[in-house]
Q: 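I have a structure I would like to understand better, so I am pasting it below and will then ask my questions one at a time.
This structure is a prediction, so every number in the text was calculated from the model and none was measured.
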Amino acid sequence: MKLNRLERLAMNNPIRAWVQRHFEAPRLLGLGGAVDGWTALEIGCGRGVGIEIILQVFRASHVDAFDLDPRMVSLARRRCARFGEAVSIWTGDACSIPRPAASYDAVFDFGIVHHVPNWRSAISEVYRVLKPGGRFYAEEVFARLINGSPWRYLAKHPADERFDGDGFAGALGDAGFELTGRRGLADRFGWFVAAKPESRRPPG
Ligand SMILES: C[S@@+](CC[C@H](N)C(=O)[O-])C[C@H]1O[C@@H](n2cnc3c(N)ncnc32)[C@H](O)[C@@H]1O
């Protein structure tokens with residue numbers, strides 16, 4: 001689901017970029033470590049600050065990224081043009097990622113899965129496109145913030161079945177991930193790192 005005007009303003013400004021770089025990214029880095037030389041994907045890249053962080057802080061060698069909103073994609077392309085062929089950006093949906101299975105070493109989610117109506121399907125897609133041994137880094141916003149005042153009146157989110165930290169962690173496990181790190185803040189925000197196992201355990 002695309003952002004409304006107010007949430008676009010809340011996302012596309014230097015304060016948000018500072019928080020993402022100096023508060024959110026260090027938490028994910030602390031949980032999962034850098035991805036030196038890896039090929040990464042960012043889902044819901046917004047205006048592209050996450051792409052910079054994945055290259056400069058996590059030290060990926062290449063970042064693919066997409067967003068549902070073509071206006072965000074234009075901003076991200078402009079912002080990241082200086083990275084040349086190290087970055088590729090398109091308009092797309094996290095529930096249907098146009099890449100073969102096992103394409104990426106790491107996938108990043110900076111606060112987008114809570115915007116997806118069928119969010120479990122987005123997690124399954126992330127699992128599909130990760131290589132065995134690859135890592136999913138997720139920073140997420142929980143139902144308590146989305147459904148509480150004043151955010152529920154100001155922002156536009158899918159109405160039903162939003163998750164809390166346990167719900168998100170449980171969905172990662174249901175998709176096949178092994179949760180390797182988790183932090184939370186006031187039941188409203190969470191940081192998760194999950195690994196796609198090298199090989200599936202046989203059923204039973
Ligand atoms: C809260 S913003 C976060 C943007 C960026 N990751 C950041 O941290 O600044 C959520 C972003 O997810 C995008 N989005 C929402 N639903 C999506 C979907 N199904 N697939 C891809 N992107 C989506 C929105 O257009 C928006 O840019």
Side-chain angles (χ1 to χ4, degrees), residues 1-33 41-54 57-58 65 67-69 72 76 93-95 106-127 135-175 177-195:
M1 182 179 278
K2 292 177 194 164
L3 308 185
N4 69 12
R5 193 151 171 255
L6 189 91
E7 209 180 353
R8 266 205 320 279
L9 282 174
M11 287 296 113
N12 296 346
N13 68 74
I15 297 171
R16 160 72 191 144
W18 192 93
V19 169
Q20 190 173 358
R21 186 175 274 272
H22 297 288
F23 186 75
E24 295 174 358
R27 274 155 184 74
L28 287 176
L29 189 65
L31 289 174
L41 171 71
E42 185 186 4
I43 60 172
C45 60
R47 70 182 178 127
V49 175
I51 297 171
E52 293 174 340
I53 291 171
I54 296 163
V57 177
F58 287 86
D67 197 283
L68 194 62
D69 187 336
M72 294 294 207
D93 184 349
C95 294
V107 177
F108 288 80
D109 151 31
F110 285 103
I112 95 116
V113 169
H114 68 284
H115 281 277
V116 181
N118 186 4
W119 58 274
R120 284 190 178 81
S121 140
I123 290 179
S124 298
E125 270 295 85
V126 169
Y127 186 88
R135 280 182 229 143
F136 181 32
Y137 293 77
E139 178 264 323
E140 268 308 329
V141 179
F142 301 148
R144 185 143 180 215
L145 184 86
I146 296 168
N147 296 334
S149 235
W151 210 229
R152 68 181 302 175
Y153 304 108
L154 301 177
K156 194 172 133 202
H157 292 101
D160 44 301
E161 236 223 312
R162 295 307 87 189
F163 45 80
D164 60 9
D166 288 343
F168 193 76
L172 291 173
D174 292 345
F177 282 107
E178 283 170 5
L179 189 65
T180 57
R182 176 177 168 183
R183 277 183 78 165
L185 180 66
D187 281 342
R188 287 169 173 79
F189 302 95
W191 294 268
F192 303 82
V193 176

Q: Nearest 0.5 angstrom please: Asp109 CG to Cys45 SG, how far?
A: 12.0 Å
Q: Taking Asn13's backbone N and O only, do any of them form a donor-acceptor pair with Arg47's side chain (distance below 3.5 Å, no angle check)?
A: yes
Q: Between CZ of Arg135 and CG of Leu31, what distance do you get to the nearest 0.5 Å?
A: 11.0 Å
Q: Rounded to the nearest 0.5 Å, how far apart are CZ of Arg188 and CZ of Phe142?
A: 11.5 Å
Q: For the pair Asp67 (side chain) and Gly46 (backbone), establish whether a donor and an acceptor sit closer than 3.5 Å, ignoring hydrogens and angles.
A: yes
Q: I need the single residue from Phe177, Tyr127, Phe108 that forms a ring-ring contact (aromatic ring centres under 6.0 Å, His included) with Phe136. Which is it?
A: Phe177
Q: Which pairs would a plain distance check flag for residues 162-169, meaning a side-chain donor or acceptor within less than 3.5 Å of a matching protein atom at least two apart in sequence or in another chain?
A:
residue	atom	partner	partner atom	Å
Arg162	NE	Asp160	O	3.1
Arg162	NH1	His114	O	3.0
Arg162	NH1	Val116	O	3.1
Arg162	NH2	Val116	O	3.4
Arg162	NH2	Pro117	O	3.1
Arg162	NH2	Asp160	O	3.1
Asp164	OD1	Asp166	N	3.3
Asp164	OD1	Gly167	N	2.7
Asp166	OD1	Arg182	NH1	3.1
Asp166	OD1	Arg182	NH2	2.9

Q: Which atom pair, heavy atoms only, marks the closest approach of Ile112 to Glu140?
A: N-OE2, 3.2 Å
Q: Treating Tyr137 as the side-chain partner and Gly33 as the backbone partner, does any N or O pair qualify as donor plus acceptor under 3.5 Å?
A: yes
Q: Can you give each donor-acceptor pair under 3.5 Å made by side-chain atoms of residues 19-29, sequence neighbours left out, with the distance rounded to 0.1 Å?
A:
residue	atom	partner	partner atom	Å
Arg21	NH2	Gln56	OE1	2.7
Glu24	OE1	Arg16	NH1	3.1
Glu24	OE1	Arg16	NH2	3.3
Glu24	OE2	Arg16	NH1	2.7
Arg27	NH1	Phe23	O	2.8

Q: Considering non-hydrogen atoms only, spot the tightest contact between Thr180 and Ala195 and give its length.
A: CG2-CB, 4.1 Å
Q: Is any side-chain heavy atom of Val126 less than 4.5 Å from a side-chain heavy atom of Ile43?
A: yes
Q: Can you tell me how far CG of Asp93 sits from OG of Ser121, rounded to the nearest 0.5 angstrom?
A: 7.5 Å
Q: Taking all atoms of both residues into account, what is the closest heavy-atom pair of Leu179 and Phe192, and its distance?
A: CD1-CD2, 4.0 Å
Q: What's the shortest heavy-atom distance between Ile51 and Glu42, and which atoms?
A: N-OE1, 3.3 Å
